[in-house]
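What's counted below: heavy atoms across the whole structure, side chains too, no hydrogens, waters or symmetry copies. Below, chain A is the first sequence line, B the second, and so on; all start at residue 1.
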Amino acid sequence: MFFTPASSGFPAEVFFLPKRRGTGKMRILDLSFPRSASWRRESRKTIPGSRVSARDDKQKPMEKYNHKEIEKKWQKIWADQKIFEVEVDEKKPKFYGLIEFPYPSGDGLHTGHPRSNTAMDIICRKRKMEGFNVLYPIGFDSFGLPTENYAIKMGVNPKIITEKNIQIFTRQLKSLGFGFDWSRVFSTTDEDYYKWTQWIFLQMFKNGLAYKAKEAINWCTSCKVGLANEEVVNGKCERCGGEVVQKEKEQWILRITKYADRLIDDLGTVDYLEKIKTQQINWIGRSEGAEVDFSITTTPPSTAVGAPLLRKEGISSPSEGEVVRSERTGGVADTLKVFTTRPDTLFGATFMVVAPEHEIISNFESRISNFGEVKKYIEESKKKTDIERTDLAKEKTGVELKGIKAINPVNNKEIPIFVADYVLMGYGTGAIMAVPAHDTRDYEFAKKYGLEIVEVVKDIKALKHENIKTKEECFIGDGVAINSGEFDGLTTVEFKEKITAWLEEKGIGKKTVNYKLHDWIFSRQRYWGEPIPMVYCETCAKKKTTVLIIHGFGGHSQENWFPWFKKEMEARGINIFIPDMPNTDSPKLEEWLESLEKLKDKFAGDLMVIGHSLGAPAACKFIEKNNLAVKKLILVGPAGKNCLNLEGLRKAGFDESDLEVAKDFCGEEPDWKILNKLAEKKVVYLSENDPFIIASDAKKEYKALNPEFIVFENKGHFNEGYGIKEFPEILKEFAELENNGWVPVPENELPVVLPEIEDFMPTDSGDSPLAKATDWINTKCPVCGGPAKRETDVMPNWAGSNWYFIRYCDPKNNKMMVDPKKAKYWLPVDWYNGGMEHTTLHLLYSRFVWKFLYDINAVPRECGNEPYKKRTAHGMVLGEGGIKMSKSKGNVINPDDYVQKFGADTVRLYEMFMGPFDQQIPWDDKGVVGVYRFLNKVWDLQEKVNRNQKSEIGDKKLLTLLHQTIKKVGEDIENMRFNTAISAMMILVNEMEKQPELRVTDYELLITILSPFAPHLSEEIWSQLGHKKSILFESWPEYDPKLIVADEIEIGVQINGKLRDAIAISIKASEDEIKSVVLASPKVKKWLDGKEPKKIIYIKGKIVSIVV
RNA sequence: GCCGAGAUGGCGGAAUUGGUAGACGCACACGACUCAAAAUCGUGCGGAGCAAUCCAUGAGAGUUCGAUUCUCUCUCUCGGCACCA
């Protein structure tokens, strides 16, 4: 280790400090180093070569504690006695402490890991001593790009690298003595684990939360992988910094947006740091406002200015001035829909802006007179990378769409339409109404192009205080309406409400909520991830499914849950028909059947029919009459006379003519036996309080049909009056349907094991490297048994880390994701600590997945709808000099060296002592020495302990300090103020050192409160004090409230606000006594200089302030 | 640009219902032990001054008997978001 320069002749130790991190060199002390004069003097006298033996002889006999031996010994004892291995124990309260499981990178553990791990270890050890059944698990988040990239470079299977890295991490983590339950360890790359990650995906698919769609995705040109929006930072890849471009690709996507509201609202029920909550809320970015339709007119102005101009589908654009009403369904209306959070500024909307990608531009191509110019602008903006687009933010550009105008619905004014890239297609509707008087961006744009600015909100503050000037000419705050016709004088809040109601009434707008959050792109075109358990079957894809919904009496296609359902089905690539039936208000069965027969030719593939209300009997007759083979028949209502609830209908207010209609449809029973044969699967929805159908009768009547009955409490027919907007329960009926040919792998075939391949290189075409594994790809279709191909994309890294904390409760279960009994006991996590860098994505995703699992009862109700009760965050450990640690900078600090040199306890203690836990702190090599000295002092104190004498020795002051320290350490741990807790213990130890003798009980208390921080040392001392059991079985000490009050206190004396004196006085002294003592003090007398005090203020136990 | 956090000795930091600024640790200086070094122990350690004292918590103002703590203005640093309508 050491070498002696031949020229020097000095013992090597004089000149060389221990090896430093990173440099690989010895640090050489400069001989001109200005050491003490005596050192220089003495060093000149030294005789080379005579020292080493002398040192050995005369070294102070003080035995330093042997951290290497002690730490090894206690780590073995903890493991042998399985002290941290826990099981469900209903008799004890549980505590589940969680840290982010590490990614086993090739660099090994760095100093950031022990910071979080030690903190939670301290908390968990304290909880254990407080009597809790503590679960503190560990595992590895082992899928991921760095390993895969390394594998590509070295040509080794990532599996081998991962296993090796995990071994290194395991050894390192064990060397630090964390109280992990190692019996529960797993890695996300374990087949037993990712089987359930895949299972969760399948549940999402079956519940309509996973879909495959062709979408422009963020494509990292360097990693050759699609990224979630969340993974793109400033237009660059979060991971490698490579350029990100848009690429069209079929992707698996998870509907996280469905949970957006709950992900915000439920934050009210958890104990997270405020800033973490804010980050979640900002990321989801919910904003409430209104959608408003602006009609479009062509110039020269149409004769019907202000009337909405509508266009039939298929006609490229209307002729001048023509007004065409579109069909209610299927037509593309010529309105420009905008989203605004400020509908109250509608009167100030003087122009409109659409994003370059907006369809209106191509729809009106022939009417836009300057289309060439527009096209050029669009192409230029497409060429800009995201970075350029943001860089150019200062200067807004755009082109007017000449030849078309929009009409402001509130005042019928014609306003121009622009295309500009400051409007984003991805948010709202991709079009805005521009209100330059009250929006900075619109203001900038209007100024540049000389557009009209109409002020419609008056600043109330400015009205009250005329001298206050607003900073800019454009006022964006709330105020009072002006220039807004009948709405003048309303406050912004009132106005928003009124105008939204007005828009809804007129049918030109509605209240809307928008989110920044997008659905989560879940495909990665890589190798080292969980295979997505889906199979593509061309036969099934061709087959296609047709869904037909027959609405009820007085119904039509645009109401109830039908529009929502149509969208859901279309997203799955399913043909769906919801025809408007003839004479809906006085329907005749014959007419309906005729109209349905006309549709028949359009059906393709398997047919599924839903009959809703009066549509139910119509559906039955339709199928029977036309001898249609139906894959599934769903009836929501009575189809025959026996279960028709005539009494209920009368009570519900239907008159006799209505009942005649019911009789027309239901009077003649369908032939149930034939229907039973024609329909492969039958489901009947019932509700206990449905006025149309009596559930018990229905069950009898439908007996011959042999259906599955689904009974809802209050949802079978109509819910909440007429027309629920969404009916998610029904989606399950379509779960096994093909999604454009995508078929889920049957659950009993999981896991879909990642095949071993040789070439991991991703392709420029955007296909996963798995696409080359032909043996693996070709499989059988689980539905039709024909040849099919496996999905070759894999899941993102987040997939495994979403739910790992659930699996810890029951890591070896091969029957289910988690045993509900165990989940019920351990979950939710009581305290989760991790880095700030994971408080948006990982936290959001895992909360989403938890909520989903909660909804489908995969985690029991008792666990609640939030996975983490409490979430805190630690600051990053920076390299020396305050620079972020990175391999490329060569300043990564490996805790191994410090564990070797100073021991695990020192590393743990230093990581906690270096500064406030939540702030980022640079690592300081020298600082480590301080806590090492402290631990040695604690060890050396053993010499002072009087083991026989348990009675009063030592003074009361020490006892007071001891109990104050117990109090402080306990409180500081709870608040994660570990640095001050350690400092308090240092003060106590310094004080104990000064004592000639120590009571063994006092020393034991010190060791007990120190034990969570420095467990090895504490255990060793504890056993040397004669205890047989681990200190972890000791209870956490309580301080004596009487003892924490000192007998004598020091009180400061201020004269005219300046501190002039301090006097020591008994705690029992009264205010008057204190005042007289103060006034008698010579220093005070001197400063008073004979003057009479005007006022004497006494703050109890703190200060006396004299005013002259 | 917006949101959030922060700025205290040579360094990491402590102290807030407004009440003795600089705890604890590092570094440094001197001393003890040693032939010597390391380790250890002791003393000192914000600045100016021989001292009494004065000045000091990013800068400037204010409230108060008293402000690191509260209010206002400004500067800088860090983190998050970034044309989100």
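- Judged as a salt bridge (charged side-chain N to carboxylate O under 4.0 Å, His left out), and not counting sequence neighbours, the contacts of A:K337 are A:E291, A:D293.
- Residue-environment remark: CD1 (A:I1049) exceeds the threshold of 12 foreign heavy atoms within 6.0 Å.
- With the 3.5 Å cutoff on both pairing distances, Watson-Crick and G-U pairs in RNA chain B assemble into runs of at least 3 at B:1-7 with B:75-81, B:10-12 with B:24-26, B:28-32 with B:40-44, B:46-48 with B:53-55, B:58-62 with B:70-74.
- Taking A:N990 as the reference, A:K937 meet the side-chain hydrogen bond (donor to acceptor under 3.5 Å, both in side chains) condition, with sequence neighbours excluded.
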Which atom pairs link the protein and nucleotides 15-19 of chain B when you take only N or O atoms and keep those under 3.5 Å?
| residue | atom | partner | partner atom | Å |
| --- | --- | --- | --- | --- |
| B:rG19 | N2 | A:Q1054 | OE1 | 2.8 |

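- Atom pair A:M912:CE and B:rC24:P shows a separation of 22 Å (rounding to whole Å applied).
- Note on A:N990: only backbone sugar-phosphate atoms sit closer than 4.0 angstrom, heavy atoms only; bases stay farther off.
- Nucleotides B:rC11 and B:rG46, compared at atom C1', are 13 Å apart to the nearest Å.
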Tabulate atom names and distances for all N/O pairs under 3.5 angstrom spanning the protein and nucleotides 49-53 of chain B.
| residue | atom | partner | partner atom | Å |
| --- | --- | --- | --- | --- |
| B:rU53 | OP1 | A:K1086 | NZ | 3.3 |

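- Distances shorter than 4.0 Å separate some side-chain N or O of A:R933 from OP1 or OP2 on B:rU40.
- Checked by distance alone, A:K396 brings a side-chain donor or acceptor within 3.5 Å of a matching partner on the base of B:rC83.
- With no hydrogens or angles considered, no side-chain donor-acceptor pair links A:E911 and A:T118 at under 3.5 Å.
- Using a 4.0 Å heavy-atom criterion, one finds that A:K937 contacts the sugar-phosphate atoms exclusively.
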Between protein and nucleic acid, restricted to nucleotides 2-13 of chain B and to nitrogen or oxygen atoms under 3.5 Å apart, what atom pairs and distances do you find?
| residue | atom | partner | partner atom | Å |
| --- | --- | --- | --- | --- |
| B:rG12 | O2' | A:M914 | O | 2.5 |

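- Counting non-hydrogen atoms under 4.0 angstrom, A:K1094 reaches nothing in the nucleic acid.
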